[in-house]
Amino acid sequence: MRRARVVVVGAGVVGLSSAVCVAEALPFCSVTLLAEKFSPHTTSDGAAGILFPAEFPDVPVERQRRWFKSSFDHLLDIAQSQHSPEAGVMLSSGWQIFKDASADKKPFWSELVIGFRFMTDSELKRFPDHKFGQAFTTIKCECSSYLPWLEKRFRRAGGQVEQRKANSLQELSNSYDVIVNCSGLGSKLLVEVDEGDTKSILERCGRLEPSIGKAKVLDEWVGLRPSRRNPRVEREAVQLQGRRVPVVHNYGHGASGVTLAWGTALDALGLVRQSLHEVLPQAKL
């Protein structure tokens with residue numbers, strides 16, 4: 001009996017997380033990670049990597065909570081292990097401040113981070129234009145280290161890596177039983193660094209933290225976030241090259257890529273399992 005063939009398209013943090021989850025959980029599958037660009041040339045490489053969830057309007061809160069909890073627990077395990085320095089995953093404490101008292105003073109994720117509390121009046125005096133704040137410890141994930149570490153983990157699980165551009169899903173349909181789309185494809189605009197944006201960012205940050213006012217800019221970086229109203233984590237049967245091919249979509253995280261990557265990857269794994277049971281019911285899964 002031949003091995004089931006799965007391809008994951010896209011090597012950002014969502015694609016790599018999905019590839020690792022599938023390769024480790026389904027060792028009897030042949031899993032290929034295909035992308036035009038790998039670290040250090042992905043948008044994920046430039047992410048701040050601080051786990052902090054946004055709220056998506058059309059995704060049930062319980063699903064968002066599960067995505068964040070899975071990602072937080074996964075990265076916390078790494079931060080507390082011997083892999084922390086190589087993977088670039090560490091604990092990070094800080095504040096979130098508001099100019100007006102927030103209506104949602106205790107968000108859904110407050111019990112999932114470490115030591116969530118409201119800022120004291122004394123702490124808020126440092127930020128005179130802000131009326132309310134939250135203090136907590138979360139996780140920082142340096143993607144320039146984390147992505148290569150994930151890729152090594154994927155290869156150890158038997159995964160194969162192919163660097164080339166996939167112009168369409170059609171060209172993959174005859175080679176794979178399931179396609180996992182983590183490409184974030186659709187952001188086709190070209191960018192160059194905008195000096196106005198750079199100046200504005202530095203000015204805003206300097207007002208909040210005067211100590212960085214004379215900091216030297218070592219480098220400038222810009223990337224496109226493949227964002228949409230809600231992340232798309234679902235499967236569909238697509239007619240490709242005369243056959244129906246299961247496609248599992250996992251993209252559109254916007255600024256929450258690092259924050260939700262492992263959680264949505266676990267959902268994608270479940271969808272891959274379902275798809276393989278339908279197309280290859282005798283496969284060893």
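What you see is a predicted model, and the numbers here were worked out from it, not measured in a lab. Values reported hereafter were calculated over all heavy atoms of this structure, with side chains retained and with hydrogens, waters and symmetry mates removed.
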Task: Within one Ile-Leu-Val-Met-Phe-Trp-Tyr cluster: Val59 and Val258, side-chain cutoff 4.5 Å - done: yes
- [ ] Keeping the roles fixed (side chain from Ser275, backbone from Leu271), state whether a donor-acceptor pair exists under 3.5 Å.
- [x] yes
Task: Side-chain donor/acceptor of Asn230 to backbone N/O of Asp58, under 3.5 Å - done: yes
TODO: Would you give the length of the straight line joining atom CG of Leu34 to atom NZ of Lys165, rounded to the nearest 0.5 angstrom?
DONE: 12.5 Å
TODO: Provide the closest heavy-atom pair for Val22 versus Leu269 in the form atom of the first, atom of the second, distance.
DONE: CA-CD1, 3.9 Å
Open item on the list: Using the rule given for side-chain contact (heavy atoms from CB on, under 4.5 Å), can you reason through Asp267 versus Arg63, listing the C-alpha separation, both sets of side-chain angles and the distance that settles it, and then say yes or no?
Closed with: CA-CA 10 Å; Asp267 271 16; Arg63 193 180 194 197; 3.1 Å; yes
Task: For the student: nearest non-hydrogen atoms of Ala19 and Val31, plus distance - done: O-CG1, 4.3 Å
Open item on the list: Show, in sequence, the C-alpha distance, side-chain angles and deciding distance for Val9 and Leu172, and conclude whether the side-chain contact (heavy atoms from CB on, under 4.5 Å) test is met.
Closed with: CA-CA 10 Å; Val9 183; Leu172 305 174; 3.6 Å; yes
Open item on the list: Quick check on the hydrophobic clustering: are Val238 and Ile179 connected, directly or via other members, by side-chain heavy-atom contacts under 4.5 Å?
Closed with: yes
- [ ] With sequence neighbours left out, write down each residue that passes ring pair (Phe, Tyr, Trp, His ring centres under 6.0 Å) with His41, or none if nothing qualifies.
- [x] none
TODO: Spell out, as yes or no, whether a donor-acceptor pair under 3.5 Å connects the side chain of Gln134 to the backbone of Phe118.
DONE: no
Open item on the list: Closer than 3.5 angstrom, by distance alone: can the side chain of Thr264 be matched with the main-chain N or O of Ala261 as a donor-acceptor pair?
Closed with: yes
- [ ] Mind checking the CD-CZ spacing from Glu24 to Arg156? Nearest 0.5 Å is all I need.
- [x] 8.5 Å
Open item on the list: Is there a side-chain contact (heavy atoms from CB on, under 4.5 Å) between Arg126 and Trp95? Walk through the geometry before answering.
Closed with: CA-CA 12 Å; Arg126 186 176 181 184; Trp95 297 316; 3.6 Å; yes
Open item on the list: Test salt bridge (Lys or Arg N to Asp or Glu O under 4.0 Å) on Glu151 and Arg155; report intermediate values, then the result.
Closed with: CA-CA 6 Å; Glu151 185 179 330; Arg155 290 178 184 271; 3.0 Å; yes
- [ ] Please report the C-alpha distance between Glu123 and Arg117 in whole Å, then the side-chain angles of each, then the deciding distance to 0.1 Å, and finally whether the salt bridge (Lys or Arg N to Asp or Glu O under 4.0 Å) criterion is met.
- [x] CA-CA 12 Å; Glu123 289 171 326; Arg117 63 175 176 82; 2.8 Å; yes
Task: Joint hydrophobic cluster, Ile50 plus Tyr146, side-chain heavy atoms closer than 4.5 Å - done: no
Open item on the list: On a heavy-atom basis, which atom in Gly15 and which in Cys182 lie closest, and how many Å separate them?
Closed with: CA-CB, 3.6 Å
- [ ] Using side chain to side chain donor-acceptor pair (under 3.5 Å) as the criterion, point out the one residue from Glu236, Arg235, His249 that pairs with Asn181.
- [x] His249
Open item on the list: Test of understanding: clusters of I, L, V, M, F, W, Y form through side-chain heavy atoms closer than 4.5 Å, transitively. Do Phe52 and Ile78 belong to the same one?
Closed with: yes
- [ ] Give a yes or no on this: more than 12 heavy atoms of other residues, nucleotides or ligands lie within 6.0 Å of atom NZ of Lys140.
- [x] yes
Task: Arg243 side chain reached by Asn174 side chain, heavy atoms, under 4.5 Å - done: yes
- [ ] Report yes if some heavy atom in the side chain of Pro148 is under 4.5 Å from a heavy atom in the side chain of Phe38; otherwise report no.
- [x] no
- [ ] May I ask you to check whether over 12 heavy atoms, not counting those of Gln239, lie within 6.0 Å of atom CD?
- [x] yes
- [ ] Verify whether one side chain among Tyr176 and Arg5 offers a donor that lies under 3.5 Å from an acceptor in the other.
- [x] no
Task: Close side-chain approach of Ser71 and Thr259, heavy atoms under 4.5 Å - done: no
Task: Closest heavy-atom pair and its distance - Lys99, Lys131 - done: O-CG, 2.9 Å
Task: Atom of Phe132, atom of Asp100 and distance for their closest heavy-atom approach - done: CB-O, 4.2 Å
- [ ] Output yes when a side-chain donor or acceptor of Ser84 lies under 3.5 Å from a complementary backbone atom of Val89, and no otherwise.
- [x] yes
TODO: Find out whether Met90 and Glu142 are in side-chain contact, i.e. whether some heavy atom of one side chain is under 4.5 Å from a heavy atom of the other.
DONE: yes
Task: Heavy atoms of other groups near Asp121 CG, more than 12 under 6.0 Å - done: no
- [ ] Quick one: do Leu260 and Gln64 satisfy side-chain contact (heavy atoms from CB on, under 4.5 Å)? Show the steps, please.
- [x] CA-CA 8 Å; Leu260 301 179; Gln64 297 186 56; over 6 Å; no
Task: Minimum side-chain heavy-atom gap Val6-Asp177 below 4.5 Å - done: no
Task: Phe154 side, atom CZ; Ser18 side, atom OG - distance, nearest 0.5 Å - done: 10.5 Å
Task: Aromatic plane relationship, Phe136 with Phe116 - under 30° parallel, 30 to 60° tilted, over 60° perpendicular - done: parallel
TODO: Flag the pair Ser17 / His74 as yes when at least one side-chain heavy-atom distance between them is below 4.5 Å, and no otherwise.
DONE: no
- [ ] Could you tell me whether the side chain of Ser256 reaches within less than 4.5 Å of the side chain of Phe56, counting heavy atoms only?
- [x] yes
- [ ] Assess the pair Trp109 and Phe72: is the distance between their ring centroids shorter than 6.0 Å?
- [x] no
Task: Smallest separation among heavy atoms of Met119 and Phe127, with atom names - done: CE-CE1, 4.2 Å
TODO: State, with a plain yes or no, whether a side-chain heavy atom of Leu276 is found less than 4.5 Å away from one of Leu26.
DONE: yes
Task: Rounded distance [0.5 Å steps], CG in Asp73 versus CZ in Phe68 - done: 9.0 Å
TODO: Nearest 0.5 Å please: distance from the CG atom of Leu91 over to the CG atom of Leu76.
DONE: 6.0 Å
Task: hydrophobic_cluster_shared for Phe108 and Val113, side chain cutoff 4.5 Å - done: yes
- [ ] Spell out, as yes or no, whether a donor-acceptor pair under 3.5 Å connects the side chain of Arg232 to the backbone of Asn250.
- [x] no
Open item on the list: Treating Ser173 as the side-chain partner and Gln170 as the backbone partner, does any N or O pair qualify as donor plus acceptor under 3.5 Å?
Closed with: yes
Task: Value rounded to 0.5 Å, distance of OG in Ser30 from CD in Gln160 - done: 4.5 Å
